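Quick notes on the structure that follows.
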Amino acid sequence: MTQDELKQTVAREAIRYVVDDAWIGVGSGTTAHFFIDELARIKHRIRGAVSSSVKSSERLKSHGIDVEELNNVDDLPVYIDGADEVTQWGAMIKGGGGALTREKIVAAVGRRFVCIADASKLVPVLGAFPLPVEVIPMARSYVAREMVRLGGQPVWRMGFTTDNGNVILDVAGLAIEEPVAMETKINQIAGVVTVGLFAHRGADVILIGTDRGVKTLTPPG
Ligand code: 5RP
């Protein structure tokens, strides 16, 4: 199967986790887009969606799915999103598409995080994929120097502005053995809006698309 077919397979499987008559949290990226297309088939069963990016909102609306502001939603039973890397323990690198801040906010509200990914995303240790860090523009050089102090090689994602008007540093060369501690450390750097490490609030369920079907992992809470 191609990578896109694997993404489509997990997107389809994720529909099983959608709660009827409730809001659903929807992530960003190509796997999330496949999920949105599947969600369209059962849109009559949900109240609507809370989205983590402008692009996902547009795709949801194009299918006639109501998109509600997070501030107006007090209960979000499930959040479904892709990842750039995920461990069997549920820690993830996210933000390849640049939507990490809104993803982290919607994921924080979601009671259950279902990560959907093709098999190439499942890794023993995070960090081969450069870690995205959303930064206030005036802090870009300072944060880059701090990332070098942590052992990384930051690269400014040129020509890219996040939905929140900020810039992204993609930090290569970090072998992230302790994702929770690393997330805390990077969060404390002045000027960092969000680090694309999702470890404090990791995935509760991981659906991995493989050539032999969908593998379901449930990291211990
Ligand atoms: C966007 C993300 C995506 O979930 C991540 O980049 C995976 O993308 P894709 O499903 O296209 O492989 O975090 O900010």
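Atoms within each ligand, like the ligands themselves, are counted from 1 in listed order. Atoms considered below: every heavy atom in the structure, side chains included; atoms not considered: hydrogens, waters and symmetry mates. If you're wondering where the values come from, they're calculated on a predicted model, not measured in any experiment.
- Regarding atom 5 (C) of ligand 1, its nearest protein heavy-atom neighbour is D84 OD1, 3.2 Å.
- Ligand-side atoms of ligand 1 in range of G95: 2 (C), 13 (O), 14 (O), range being under 4.0 angstrom from any heavy atom.
- Closest to atom 9 (P) of ligand 1, if we only count protein heavy atoms, is T30 OG1, 3.3 Å.
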Would you please test T162 and V167 for side-chain contact (heavy atoms from CB on, under 4.5 Å) and show each step?
CA-CA 6 Å; T162 69; V167 297; over 6 Å; no
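- Below 4.0 Å from some heavy atom of G82 lie the following atoms of ligand 1, by number and element: 4 (O).
- Heavy-atom proximity to D81, at under 4.0 Å, picks out these atoms of ligand 1: 4 (O).
- Residues T194 and E134 bring no donor and acceptor atom of their side chains to less than 3.5 Å of each other.
- With atom 14 (O) of ligand 1 as the reference point, the heavy atom nearest to it among K94, E103, R102 is part of E103.
- Looking at D66 and K43, no side-chain N of the basic residue comes within less than 4.0 Å of a carboxylate O on the acidic one, giving no salt bridge.
- Ligand 1 places these atoms under 4.0 Å from at least one heavy atom of K7: 9 (P), 11 (O), 12 (O).
- Distance check, rounded to the nearest 0.5 Å: CD1 of I206 to CD1 of I116 gives 12.5 Å.
- The distance from ligand 1 to the heavy atoms of G98 drops below 4.0 Å at these ligand atoms: 14 (O).
- Not a single heavy atom of G27 sits closer than 4.0 Å to an atom of ligand 1.
- Contacts with ligand 1 closer than 4.0 Å are made by no heavy atom of S53, backbone or side chain.
- Short contacts between ligand 1 and G97, defined as distances under 4.0 Å to a heavy atom of the residue, involve ligand atoms 1 (C), 6 (O), 14 (O).
- For the pair K94 and F198, the cation sits on the ring face: its NZ or CZ lies under 6.0 Å from the ring centre, inside 45° of the axis.
- Separating the CG atom in L100 from the OG atom in S53 is a distance of 11.5 Å, to the nearest 0.5 Å.
- Counting non-hydrogen atoms of other residues, nucleotides and ligands closer than 6.0 Å to CZ of R16 gives a total of 12 or fewer.
- Here the CD-CG distance, from E146 to L150, works out to 7.0 Å after rounding to the nearest 0.5 Å.
- Among protein heavy atoms, the minimum distance from atom 10 (O) of ligand 1 is reached at T31 OG1, 2.5 Å.
- Counting heavy atoms only, S28 comes closest to atom 3 (C) of ligand 1 of the residues S28, G96, A117.
- Going from atom NE2 of H33 over to atom OG of S28 covers 6.5 Å, rounded to the nearest 0.5 Å.
- Between E38 and R41 there is a salt bridge, with a side-chain nitrogen of the basic residue lying less than 4.0 Å from a carboxylate oxygen of the acidic one.
- Using 4.0 Å as the threshold, K121 has a heavy atom nearer than that to some atom of ligand 1.
- Close contacts between ligand 1 and A99 involve ligand atoms 14 (O) [criterion: under 4.0 Å to a heavy atom].
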